[in-house]
Amino acid sequence: MIVKIQDFYSFLHRCQKDCLGGFKSVILPKKSQHSDDDLFFTTLSEDNDYFLDSYRTVDPIRMLFYFPREIVLPAKKSKCKRLIVGAKGCDLRALEVLDKALINDDFVDPIYNFWRENTYIISSDCMTISPSCHCNLLDGKPYAEEGFDLNLSRMDDSYYITVGSSKGEELLLLIKEHVTVSKVSPNNINSIKANRKLVEEKLRKQNKQYERTENYYDLRSVDIEKWIEASKSCIGCGGCTNICPTCYCMILNDETVTKDFVKVRSYDSCQLHGYARVAGGDTPRPKMYQRFRNRYLCKFDYMKSNFNLLGCTGCGRCIDTCPGKIEFRKVVQKMLELPRKRVSSSGMKIQESENV
Amino acid sequence: MYNANPYDVIPAVIYEIIEESPTIRTLRLRPESPISFKTGQFVELTIPNIGEGPFTPSSSHYITEEMDITIMKTGFVTEYVHKARVGDTVGLRGPYGKGYPIEEWKDKNILIMGGGVGMAPTRSLFLTLLHDIDDYNSITFLAGARAPKEVIYKQHIDEWRKHDKVNFLRAVDKIPEGERWSEEVCLITKLLEKIDIDPKDNPVIVCGPPVMMKFGTLDLLEYGYADKDIYLSMEKKMYCGFGQCRHCVMGKYYACKDGPVFTYDMIKNEENIWE
């Protein structure tokens, strides 16, 4: 199906204004006031300054499902159906990780689960890339392959719509009810394919210098000295984890004041010194390079064993945000270079350098 | 499952407090509704408006209407645990984790090593085993503390030693001036020299400070225990208890939901196990 861009926006406005389909809000990427390169998810307003076809937003889509601070007990029950438009492939892959982490047999996060059920997602192909984008190094594509309800591919003044789920079918019916759609031609399909290829080629060129082996399990046995070297400019701010689409570490605080218990959860970061500290003050990773290393191992090793998915989708946000100018792609590439030192077979770690 | 809030807390009243040592006390709790658990599992204990921490009950899992939790004063939350009074209400969440696989230990000679406040979870195990003592061949308990005044559960020891199948040895690292002690003076691991258990296919359970766990494991390996028979209680930061917060991750395992008890065999090649 094809819909004119103008018509599509008028549909979005009606969703929010007239509660079409029961939607209370429409959220989509908007340019920052400070920089043309930065997009942020914002609630739809009248000014139409939105960019669905650019690369990913600064804020990961996770932040719309799993908030920085949230009262989890007692859990609030709201009735709000949302539509997110302009989600990108990298973020939808990250939601797959979060789905496994937060909705599983051992545990269901009631709030995350609520937002997942009550949010409809319309993704859109990336027509441009940011210098830090590297989904292609993680077998990703600059367009969503799954995880969306509807997907938009830009063609001149229209969008080509693909359905990705039963929620998407429902949404398409709603669109057809309110705006004119036309049938797709083979020519349209060819031009979309050509567009996608073009962006993929750009990505390949941009990241050629960062190509690496995919033996991520080897990261465990990388010589500690290499981690020390790589983490030299890390100041341990935790920016990379706060902006990562798959990080979901949290702390649970008790804020009970009456006889009813109140629990509040907030983001935490494994890059912070106090992260894994136990009572008495001991922490398993007192040194910065140990915490730095933990993040890479978590993404490429621990999450892989926990969820059978990598914890990195190549969105590149950690590169953009790092005040120490740490180039994530380069670190991974460097770590996977030979030679490596093995962990001793007894499981006791090789003595680590103490003068850091 | 979708309706239950995993963060839900059961209020529990403190009906008695036992001062075990200058820094260790046992809270005796009566939860609003009974809490069933398997020995070795843990709960999150909330001090209202202060915080929450993971603790393993030290009472038998056959008792669900009341729960004993032995806690050392060592950090922020535990400082407030030590300020709590009889009649106060605290909160309990759980139980979490896997617990000890006691059903696999029928007819075995069981060795338990508890160091310092590490005796707390192992007391729950010990009392649970005592309940079905006919099912087991013998129970040997090695208890260690730094000094006589830090030895906990003193009031129960005579009663525990009455059982034919129980061998209970205690040691302190040293006897400071003014303190008295008539039992062993050595590191807990040295007590291994005083016992005679065939290590083949018999389980040994270790709980104590990290340094004792590490060197205890090495000594047990030397004694002849197999990796798969050494059960270790891992001390990690566990905020949530069900694998969400990730603070307790040790490689592919979560100390909370896959543990907190692991065999050495499971974790020997994982990250951060002794720290």
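Sequence lines set the chain letters: A, B, ... in the order given, protein chains first and strands last, and positions in each chain run from 1. It should be emphasised that the depicted structure is a prediction, and the values quoted were computed from it without experimental measurement.
- Ionic pairing of B:Glu52 and A:Lys263 is present here: one or more N-O contacts between side-chain nitrogen and carboxylate oxygen are shorter than 4.0 angstrom.
- Only the side chain of A:Leu297 comes within contact range of chain B, judged by heavy atoms closer than 4.5 Å.
- Looking only at heavy-atom pairs under 4.5 Å with chain B, the residue among A:Asp282, A:Leu73, A:Val262, A:Val278 that has the most is A:Leu73.
- Residue A:Asn253 does not touch chain B at all, counting heavy-atom pairs closer than 4.5 Å.
- In terms of heavy-atom pairs under 4.5 angstrom with chain B, the leader among A:Ala101, A:Ala276, A:Gly280, A:Ser305 is A:Gly280.
- B:Tyr153 and B:Ala120 make their closest contact through OH-CA, 3.4 Å (heavy atoms, listed as atom of the first residue, atom of the second, distance).
- With a 6.0 Å cutoff to the six-membered ring centre and a 45° limit on the axis angle, B:Arg30 counts as a cation-pi contact of B:Tyr15.
- With a 4.5 angstrom heavy-atom cutoff, B:Pro11 touches chain A via backbone and side-chain atoms both.
- Cation-pi geometry between A:Arg82 and A:Phe65 is met: under 6.0 angstrom from the ring centre, within 45 degrees of the axis.
- Using a 4.0 Å cut-off between charged nitrogen and carboxylate oxygen, B:Arg25 and B:Glu20 do not count as a salt-bridge pair.
- Only the backbone of B:Ile47 comes within less than 4.5 Å of a heavy atom of chain A; no side-chain atom from C-beta onward does.
- With respect to B:Lys214 and B:Glu235, no salt bridge is recorded, no charged nitrogen being found less than 4.0 Å from a carboxylate O.
- Ion pairing of A:Asp106 with B:Lys257 is present here, as a side-chain N (NZ or NE/NH1/NH2) and a carboxylate O approach within less than 4.0 Å.
- No part of A:Cys270 comes within reach of chain B, as not one of its non-hydrogen atoms sits under 4.5 angstrom from that chain.
- If you measure heavy-atom distances from B:Asp8 to chain A, the contacts under 4.5 Å come from both the backbone and the side chain.
- The CG atom of A:Asp99 sits 10.0 Å away from atom CG of A:Leu309, with the distance rounded to the nearest 0.5 Å.
- Proximity to chain B is limited to the side chain of A:Asp268, based on heavy atoms less than 4.5 angstrom apart.
- Here the side chain of B:Asp219 pairs no donor or acceptor atom with the backbone of B:Gly216 at under 3.5 angstrom.
- Looking at A:Ile251, both its backbone and its side chain come within 4.5 Å of chain B, counting heavy atoms on both sides.
- Remark: A:Arg291 is not positioned above the aromatic ring of A:Tyr275, lacking an NZ or CZ atom under 6.0 angstrom from the ring centre and at most 45 degrees off the axis.
- Residues of residues 73-99 of chain B lying under 4.5 angstrom from chain A, judged on non-hydrogen atoms, are B:Thr74, B:Gly75, B:Val90, B:Gly91, B:Arg93 in numerical order.
- Contacts of A:Arg277 with chain B are made by backbone atoms alone, with heavy-atom separations under 4.5 Å and no side-chain atom involved.
- In this structure, B:Tyr7 has its ring center under 6.0 Å from that of B:Phe242.
- When the heavy atoms of residues 244-255 of chain B are compared with those of chain A, the residues falling under 4.5 Å are B:Gln244, B:Cys245, B:Arg246, B:His247, B:Val249, B:Gly251, B:Lys252, B:Tyr254, listed by number.
- Contact tally against chain B (heavy-atom pairs below 4.5 Å) for A:Glu255, A:Lys304, A:Met303, A:Lys259: the top residue is A:Met303.
- Between A:Arg116 and A:Asp109, none of the side-chain N atoms (NZ, or NE/NH1/NH2) sits under 4.0 Å from a carboxylate O, so this pair counts as no salt bridge.
- Classification of the A:Phe328-A:Tyr296 ring pair by plane angle, with boundaries at 30° and 60°, yields parallel.
- Of the two parts of A:Phe307, only the side chain, counted from C-beta on, holds a non-hydrogen atom closer than 4.5 Å to a non-hydrogen atom of chain B.
- At a threshold of 4.0 Å, the pair A:Arg317-A:Asp59 does not count as salt-bridged, since none of the basic side-chain nitrogens sits closer than that to a carboxylate oxygen.
- Only the side chain of A:Val257 comes within less than 4.5 Å of a heavy atom in chain B; its backbone stays farther off.
- The two atoms that bring B:Cys240 and A:Met250 nearest to each other are CB-CE, 3.7 Å, heavy atoms only.
- Closest of all the heavy-atom pairs between A:Thr246 and A:Gly311 is OG1-O, 2.6 Å.
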